[in-house]
Amino acid sequence: MTNSPPPHLDRLDLPALDEKWQRIWAERQTYRTDMDGKRPFYCLMMFPYPSAQKLHIGNAYAFTGVDVYGRYRRQRGDDVFEPLGFDAFGIHSENYAIKVGEHPAVLTARNVEYFREKQLKRLGLGVDWSHEVDTTDPRYYRWTQWVFLQLFKAGLAEHRQGPVNWCPSCLTVLADEQVVGGRCERCGSVVETRFLKQWFIKTTHYAQEMLDALETLDWSERTKLAQRNWIGRSEGALIDFRLDGCARPSVTVFTTRPDTLYGATFLVIGADNPHLDEFVGAGHRESVAAWRRGLPPTDAEPDFAVGIDLGSTAVHPLTGADLPVWAAPYVLGSYGTGAIMAVPGHDERDWQFARAHRLPIVEVITGGDVEREPWTGEGSMVNSGALDGTPSQDGRRRVVEMLEARHAGRFHVQFRLRDWIISRQRYWGPPLPIIHCPVHGPVGVPEADLPVLLPEVKDFRPLGTGVSPLAQAADWVNVPCPICGEPSRRETDVNDNFLDSGWYFMRYPSTDFDDRALDHDRTWRWLPVDMYIGGHEHAVLHLMYSRFLMRALCDLGWVPVPEPYRRFRAHGLLTFGGRGKMSKSKGNVINPDDYMARFGADTLRLYLMFLGPYLEGGEWNDDGMKGQSRFLERVWRCVQLCDSDESGDGERERRRHRTIAAVERSIEELHYNTGISALHELQRGIDGDVAAGRGRRIDARTLVQLLAPFAPHITEELWERLGEAGSVHLAPWPQHDPDLAAEPRVTIAVQVNGKLRATFDCDAGTPAEELSRLALAQPRVQEFLAGRGVRKIIPVVDRVVNLVV
RNA sequence: GCCGGGGUGGCGGAAUGGUAGACGCAGCGGUCUCAAAAACCGCCGGGGGCAACCCCGUGGGGGUUCGACUCCCCCCUCCGGCACCA
């Protein structure tokens with residue numbers, strides 16, 4: 001090769017090519033999807049929330065990986081639908097707006113503009129922008145409200161009192177999924193329990209179905225596992241205990257170990273159980289009330305020393321024994337029935353509590369020494385009346401049968417998943433479309449009156465009173481009941497923005513229609529999503545909610561199938577500066593804009609896809625870009641210097657077909673890094689041909705086409721320069737023929753006792769006996785055998801011959 | 001504590017149970033240049049040897065196998081998630 005490009009080659013200016021082709025693609029609507037296409041393929045990426053920060057490199061990584069896949073499918077002839085939008089409502093944006101003293105509507109509109117125009121389009125995504133959604137646009141949230149009304153009408157949305165997570169800093173209720181380790185997912189404040197009337201979506205109604213359907217889904221295994229754990233199915237029994245000495249006549253507890261019932265020595269009511277007062281014995285009221293006031297706020301660390309005897313007693317349903325009733329914070333008031341039977345001999349926490357408060361510990365399952373430590377394993381039942389000697393596994397069923405006979409208990413399946421609280425006492429969200437009538441209670445806003453527009457208010461900051469700032473808009477709040485016309489009040493809470501994002505993918509195909517949420521034909525043609533790729537952090541939030549919504553809307557007849565995503569893959573995490581996710585606080589955020597301005601979008605895309613297996617993520621390294629930058633320079637030169645129309649050459653055809661196969665496999669399995677390696681090798685090969693004056697046009701075309709999903713701009717330019725008509729992104733993908741990729745000659749490794757001692761070449765497919773003969777004939781092999789007899793020969797065709805002496 | 005995923009050159013990483021380290025970065029040597037940069041060519045796990053070559057090597061220890069980065073068991077370690085769920 002010469003040291004500088006021949007004079008007739010233009011200098012490669014990647015940022016200029018980005019600008020040129022992005023403009024032309026927009027003009028020619030290259031990525032506009034034929035919504036009536038014969039081979040629909042719905043390729044989905046998680047839409048971003050345009051909070052104050054710009055998109056960072058992690059977003060670019062996520063989007064590029066999906067785009068490569070979508071582009072590949074498009075080149076293979078599918079009608080690929082690759083839409084994008086903005087999840088612009090929510091606390092993220094609102095809090096930032098409060099911080100900078102700007103209205104969230106102004107702020108998010110500006111951010112959306114920047115994201116779309118300066119970053120997402122700049123990356124060269126093959127997105128059909130004509131189907132963009134913005135969750136803050138009334139033309140979108142009108143239908144979010146419609147979705148809520150469908151759930152309301154179906155009885156899947158309920159206004160009820162309940163214990164809820166309250167963030168004292170964000171001044172709003174949070175969903176369970178937004179509480180991490182007892183703290184607010186967003187601000188880290190310790191979450192408090194409050195009893196408020198809230199809107200619940202009955203996700204638990206589909207708990208079993210969603211659990212069962214996981215088995216049938218083609219999803220990343222780790223994502224399915226996270227959902228399985230979150231739904232948290234457990235089997236056991238509900239057991240009723242009669243109570244004496246308090247207001248309540250009885251209490252029901254849940255246990256997964258009914259076989260240990262004979263070992264129950266006391267009951268514990270959750271300290272945050274809303275009905276705690278009803279369990280308190282006469283004469284204990286004041287001491288219990290004082291104890292309760294002195295409790296520390298919800299904390300992740302359980303303290304078994306904390307607890308109080310409530311002074312009432314429970315009657316054991318089988319033995320008739322009197323058991324003391326206690327209250328303690330180690331029992332959750334909101335899981336199961338909010339109360340437990342304590343079996344200290346066979347439960348870690350009950351044992352600790354019993355020790356701390358000198359309560360009796362009884363062994364009812366053999367296998368350990370319950371005075372020293374609790375035995376939670378299986379064994380034979382003892383101290384259990386007629387059931388003594390029964391294996392504990394069988395005992396579970398036997399005890400349930402006995403309870404059922406006495407009407408004191410029954411088999412029960414308990415889920416850890418709880419209903420989704422979707423009301424938020426904040427400003428920046430879609431108002432829940434409900435009117436509270438003194439006569440009719442909560443009434444849905446008639447669908448014809450949608451959208452319920454978010455009203456202007458003087459101050460959009462949260463009030464902290466448990467009421468949304470929307471309550472300040474008196475004219476807006478006071479309306480007649482849609483049924484009877486009585487003076488009524490609008491619901492002033494807005495919905496959780498996970499409701500906005502829970503159905504956005506259903507809306508994309510139907511954005512052409514303003515008079516319906518989901519067009520029947522479009523929805524039946526395009527749903528479910530064929531390929532969804534996104535971050536694993538949404539395993540139990542967005543991915544659970546959207547599965548619920550799809551299932552509910554399917555049962556109501558609005559969508560064709562209950563599961564929203566045919567395939568889901570969780571991509572890996574991009575890290576920088578050691579371990580951990582990129583975040584502003586760690587100071588390890590990379591801004592993609594600078595790199596695109598310097599090296600062009602193709603170089604960035606290529607490097608991101610090369611730095612590690614896409615499903616596993618990898619470490620960003622500033623110097624890594626150089627390798628791909630050099631590669632694109634070499635591609636630019638060698639492709640334009642190929643001028644031979646030769647086609648029959650066996651070895652170079654093999655190389656070409658081998659590369660097609662390698663790139664196809666790498667994209668289909670989302671191991672983009674190995675596909676790019678194969679392209680490097682092909683390019684080096686072509687470079688050698690060009691130096692010898694025989695670079696083939698067919699190789700140049702193939703290289704350009706295979707590289708196109710990763711580097712869409714330079715390949716489009718080269719395609720044009722090669723004199724090809726139309727866009728490379730719409731040209732038919734090169735066919736690969738396995739027969740033409742097969743090597744006629746292979747190298748056989750010869751091992752003696754498993755160690756490599758020689759190699760020789762032979763025709764592919766040489767039979768085993770012939771391989772053995774050839775291996776023994778190798779002079780080096782004879783040296784190593786040194787006259788020792790060969791005990792065994794293991795020939796493997798086209799691979800290896802192992803000689804055992 | 002429980003669950004999941006990892007541990008391979010200086011670094012990122014390759015490898016249907018069959019020649020470990022493809023591809024890229026960094027480094028070293030060379031070509032070109034007054035010089036430097038860029039580009040191009042070559043070398044690039046460790047140890048030994050003048051050399052042909054030899055020995056060791058995929059977190060540690062066992063095992064299965066003609067043959068193990070790959071399969072099985074135990075341990076160490078890193079990352080991520082969940083975490084009082086009765």
Side-chain angles (χ1 to χ4, degrees), chain A residues 1-5 180-182 220-223 225-226 228-230 232 234 236 253-257 260 268 270 299-304 328-332 334-337 339-343 346-350 352-353 376 414-418 536-537 539-540 572-573 575 578-581 606-607 610-613 615-628 630-631 633-634 637 671 673-681 684 687 691 747-759 780 783 791-805:
Chain A
M1 289 297 299
T2 48
N3 292 329
S4 53
V180 178
S220 290
E221 208 44 54
R222 56 185 177 136
T223 311
L225 199 89
R228 228 171 266 138
N229 290 341
W230 190 260
S234 50
V253 303
F254 173 70
T255 179
T256 54
R257 292 292 302 271
T260 64
V268 186
D299 197 19
E301 284 297 307
D303 183 353
F304 295 100
Y330 88 89
V331 170
L332 301 174
S334 48
Y335 178 75
T337 63
I340 62 151
M341 67 174 197
V343 184
H346 305 282
D347 180 274
E348 185 73 40
R349 297 145 303 173
D350 297 346
Q352 296 220 33
F353 191 78
T376 58
Q414 180 74 44
F415 294 98
R416 161 202 210 134
L417 179 75
R418 283 188 261 167
H536 188 246
E537 67 271 21
V540 294
L573 196 65
T575 60
R579 297 281 142 223
K581 190 175 179 170
L606 210 48
Y607 175 59
F610 181 71
L611 56 72
L615 296 181
E616 289 167 38
E619 169 84 0
W620 169 273
N621 180 343
D622 269 344
D623 290 334
M625 296 270 296
K626 269 192 206 167
Q628 307 314 316
R630 289 171 185 157
F631 168 61
E633 288 280 356
R634 292 196 301 267
R637 189 175 50 209
H671 297 158
N673 52 336
T674 57
I676 294 169
S677 296
L679 290 170
H680 287 163
E681 285 172 307
R684 288 288 184 189
D687 233 3
T747 302
I748 304 294
V750 184
Q751 300 175 329
V752 177
N753 286 343
K755 290 198 174 186
L756 179 72
R757 294 305 180 189
T759 61
R780 295 249 316 121
E783 279 173 42
R791 289 197 290 132
K792 199 171 175 185
I793 303 179
I794 297 105
V796 180
V797 171
D798 290 351
R799 290 284 182 189
V800 72
V801 178
N802 194 7
L803 306 166
V804 187
V805 298

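Quick note on labels: first sequence line is chain A, next is B, and so on, each numbered from 1. This structure is a prediction, so every number in the text was calculated from the model and none was measured.
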Are OP1 or OP2 of [N] and a side-chain N or O of [X] less than 4.0 angstrom apart?
| X | N | answer |
| --- | --- | --- |
| A/T747 | B/U19 | no |
| A/R228 | B/G4 | no |
| A/K755 | B/C56 | yes |
| A/Y607 | B/G24 | no |

[options]: which one has an atom nearest the side-chain heavy atoms of [X]?
| X | options | result |
| --- | --- | --- |
| A/R684 | B/C66, B/C41, B/A26 | B/C41 |
| A/V800 | B/G18, B/A26, B/U19 | B/G18 |
| A/N673 | B/A86, B/C66, B/G13 | B/G13 |
| A/R637 | B/C40, B/C82, B/A15 | B/C40 |
| A/W230 | B/A83, B/C23, B/A86 | B/A83 |
| A/L225 | B/A26, B/C84, B/C3 | B/C3 |
| A/K792 | B/C66, B/A83, B/A86 | B/C66 |
| A/V796 | B/U19, B/A86, B/G18 | B/G18 |
| A/R416 | B/A83, B/A86, B/G18 | B/A83 |

Counting distance only, does the side-chain N/O of [X] pair as donor-acceptor with the main-chain N or O of [Y] below 3.5 Å?
| X | Y | result |
| --- | --- | --- |
| A/Y607 | A/D622 | no |
| A/D347 | A/A342 | no |
| A/R780 | A/R757 | yes |

To the nearest Å, give me how far apart [atom1] ([X]) and [atom2] ([N]) are.
| X | N | atom1 | atom2 | value |
| --- | --- | --- | --- | --- |
| A/R222 | B/C2 | CZ | P | 22 Å |
| A/D347 | B/G1 | CG | C1' | 14 Å |
| A/E616 | B/C79 | CD | P | 17 Å |
| A/I676 | B/G13 | CD1 | P | 14 Å |
| A/H536 | B/C82 | NE2 | C1' | 11 Å |
| A/Q751 | B/U65 | CD | P | 17 Å |
| A/R791 | B/G67 | CZ | P | 10 Å |
| A/E221 | B/G6 | CD | P | 12 Å |

Toward the 5' end of RNA chain B, by each residue's nearest nucleotide, A/M341 or A/R757: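 Its nearest nucleotide lies further toward 5', so the answer is A/R757.
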field: 5' priority, RNA chain B, between A/L756 and A/G624 [closest heavy atom]
entry: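 The answer here is A/L756.
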Nearest-angstrom distance, [atom1] atom, [N] to [M]:
| N | M | atom1 | value |
| --- | --- | --- | --- |
| B/A86 | B/G5 | P | 23 Å |
| B/A15 | B/G7 | P | 12 Å |
| B/G18 | B/C54 | P | 23 Å |
| B/G62 | B/G57 | P | 12 Å |
| B/A37 | B/G27 | P | 11 Å |
| B/U58 | B/G63 | P | 16 Å |
| B/C78 | B/G60 | C1' | 15 Å |
| B/C3 | B/U16 | P | 29 Å |

query: Does any non-hydrogen side-chain atom of A/D687 lie less than 4.5 Å from one of A/R634?
result: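 Yes, close enough: below the 4.5 Å cut-off.
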query: When syn is taken as a glycosidic angle within 90 degrees of 0, is B/G9 syn or anti?
result: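 Nucleotide B/G9 adopts syn.
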Just call it for [X]: base, sugar-phosphate, or nothing, with non-hydrogen atoms closer than 4.0 Å on any strand.
| X | answer |
| --- | --- |
| A/V331 | base |
| A/R780 | sugar-phosphate |
| A/L611 | sugar-phosphate |
| A/E633 | nothing |

Looking at [N], which nucleotide sits across from it as a Watson-Crick or G-U wobble partner, both distances under 3.5 angstrom, or is there none?
| N | value |
| --- | --- |
| B/A26 | none |
| B/G18 | B/C66 |
| B/C2 | B/G81 |
| B/A37 | none |

- request: Report the distance from atom CD of A/E537 to atom OG1 of A/T223, rounding to the nearest 0.5 Å.
  value: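 Between atom CD of A/E537 and atom OG1 of A/T223 there are 10.5 Å.
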- prompt: What is the distance from atom CD1 of A/I748 to atom CG of A/D798, rounded to the nearest 0.5 Å?
  reply: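 Those atoms lie 6.0 Å apart.
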- request: Answer yes or no: side-chain N or O of A/D623 and base N or O of B/C25 forming a donor-acceptor pair under 3.5 Å.
  value: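 No.
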- prompt: Parallel, tilted or perpendicular: which describes the rings of A/Y335 and A/F254, with under 30° parallel and over 60° perpendicular?
  reply: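 A/Y335 vs A/F254 ring planes: perpendicular.
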- request: Show your working on side-chain contact (heavy atoms from CB on, under 4.5 Å) between A/N621 and A/L611 and close with a plain yes or no.
  value: CA-CA 9 Å; A/N621 180 343; A/L611 56 72; over 6 Å; no
- prompt: Which atom names give the shortest non-hydrogen contact between A/L615 and A/R222, and what distance separates them?
  reply: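 Minimum heavy-atom contact is O-NH2, 3.8 Å.
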